[in-house]
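Note sheet for the following structure.
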Amino acid sequence: MDFWGTVLVVFRRWYIFLPIFALSLTAAGGIYSTVMTTYTSSAVLILTTPTTGGSLPTNPDIPNGLTNPMLNFDHGLSISASILIAAMGTSDMAAELGVRDGGDFAFRVTNGGNNLESLATGPFLFIEGEASSAAAAQDIVKRVIVRAKAELDHRQKAVRAPMATYITTYEAVPPTTPMAQRGRKLRAVAAAMGVGVVASLCASFMAESFFQRRKARRQAGAPDSADTAGERPLPDRAALNGRAHADGPVARH
């Protein structure tokens, strides 16, 4: 059926469409009030090399020259960042930080994108925390930063790197002010209203089909379902008596 045909059916069966649509609006309002608003906070860490570089001098009397860590980025830092991102993304790490399925907060550590093949694109760690309250969202980001630094030191200690060459972290973006996220609530409301509209249209078309079939039966002279449900009416007794008197007495032999 075309658009205007649908509009005509809705207009004709408004007493069916409107109540169901009103119920869907009520359900959408209830869903909006029950779905929890979440808050997100984020931070960005950069891995840097020490000012004396990533190696010790062979001659103690001739130390390495000092270098600005912000100007000393190489591929090794990108590899270290990808290792750290992989370590922070494990389920064991999430459990260690108190994340539970269906819990009040969660976090993720990425390189700024969702492409796993591009993890080693730079010495960056993008940290995002989500929680049911603003304070909890910022708190989980701070805890992830502390745990990431500890994990980085643990990894370097495991490979017996000289402490003077340890990679350090710099908070390029400290934990941001949490922002309210209502996208989940709006999606739930949109889904409820969509279901309500579909249900209203289906009910309207079902009623339209029922009334059209009944009208067609009446126009064709078929008895209505209410008439066929009962018994056939009995003939009038007075009419039968009158017919008997008109015929005259019955001859007897």
Side-chain angles (χ1 to χ4, degrees), residues 24-48 69-70 73 77-158 166-195:
S24 68
L25 292 180
T26 304
I31 291 174
Y32 186 84
S33 61
T34 56
V35 174
M36 181 175 56
T37 300
T38 59
Y39 297 84
T40 58
S41 178
S42 59
V44 179
L45 293 183
I46 298 179
L47 303 187
T48 59
M70 299 297 292
F73 296 107
L77 291 177
S78 300
I79 295 297
S80 299
S82 64
I83 294 174
L84 196 56
I85 290 172
M88 297 300 297
T90 62
S91 57
D92 293 339
M93 184 65 68
E96 182 180 336
L97 291 171
V99 176
R100 300 289 184 272
D101 291 337
D104 294 335
F105 60 89
F107 74 92
R108 63 174 183 170
V109 181
T110 66
N111 69 329
N114 296 322
N115 186 4
L116 298 177
E117 297 179 356
S118 62
L119 283 178
T121 56
F124 304 102
L125 276 76
F126 291 82
I127 302 171
E128 183 180 39
E130 183 177 8
S132 57
S133 65
Q138 197 169 48
D139 178 70
I140 186 61
V141 172
K142 293 178 180 178
R143 285 194 285 143
V144 171
I145 291 175
V146 173
R147 187 62 184 85
K149 293 179 179 180
E151 184 68 18
L152 180 61
D153 291 341
H154 171 72
R155 299 277 172 164
Q156 294 179 98
K157 185 177 180 180
Y166 271 21
I167 299 172
T168 57
T169 60
Y170 167 67
E171 293 185 14
V173 179
T176 59
T177 302
M179 300 291 293
Q181 304 294 321
R182 295 184 175 87
R184 186 181 304 173
K185 295 169 70 75
L186 295 178
R187 286 192 297 269
V189 169
M193 292 188 64
V195 172

Handout entry: Residue pairs, two or more places apart or on separate chains, that pass salt bridge (charged side-chain N to carboxylate O under 4.0 Å, His left out) and touch residues 122-143
Key = R108-E128, E130-R184, D139-R143
Mind listing the closest non-hydrogen atom pair of [X] and [Y] along with its distance?
{"X": "A43", "Y": "I145", "value": "CB-CD1, 3.8 Å"}
{"X": "G129", "Y": "A137", "value": "O-CB, 4.1 Å"}
{"X": "I140", "Y": "L97", "value": "CD1-O, 4.3 Å"}
{"X": "F124", "Y": "I85", "value": "O-CD1, 3.8 Å"}
{"X": "I167", "Y": "T48", "value": "CG2-O, 3.3 Å"}

So, using side chain to side chain contact (heavy atoms under 4.5 Å, CB included) as the criterion, who are the partners of [X] when residues are at least two apart?
{"X": "A134", "result": "Y39, P178"}
{"X": "T26", "result": "none"}
{"X": "T90", "result": "D92, M93"}
{"X": "A172", "result": "V44, I46, Y170"}

Side chain to side chain donor-acceptor pair (under 3.5 Å) against [X], all qualifying residues, sequence neighbours excluded:
{"X": "S24", "answer": "none"}
{"X": "T40", "answer": "Q181"}
{"X": "T37", "answer": "none"}

Problem - By salt bridge (charged side-chain N to carboxylate O under 4.0 Å, His left out) - contacts of R187 (at least two apart) - result: none
Practice task
Report the residues that fulfil salt bridge (charged side-chain N to carboxylate O under 4.0 Å, His left out) with K149, sequence neighbours left out, ordered by chain and then residue number.
Solution key: E171
Problem - Residue pairs fulfilling side-chain hydrogen bond (donor to acceptor under 3.5 Å, both in side chains) with at least one residue in residues 94-103, sequence neighbours excluded - result: E96-R147
Exercise for the section: Tell me, with the steps shown, if L47 and L152 meet side-chain contact (heavy atoms from CB on, under 4.5 Å). Expected result: CA-CA 10 Å; L47 303 187; L152 180 61; 3.9 Å; yes
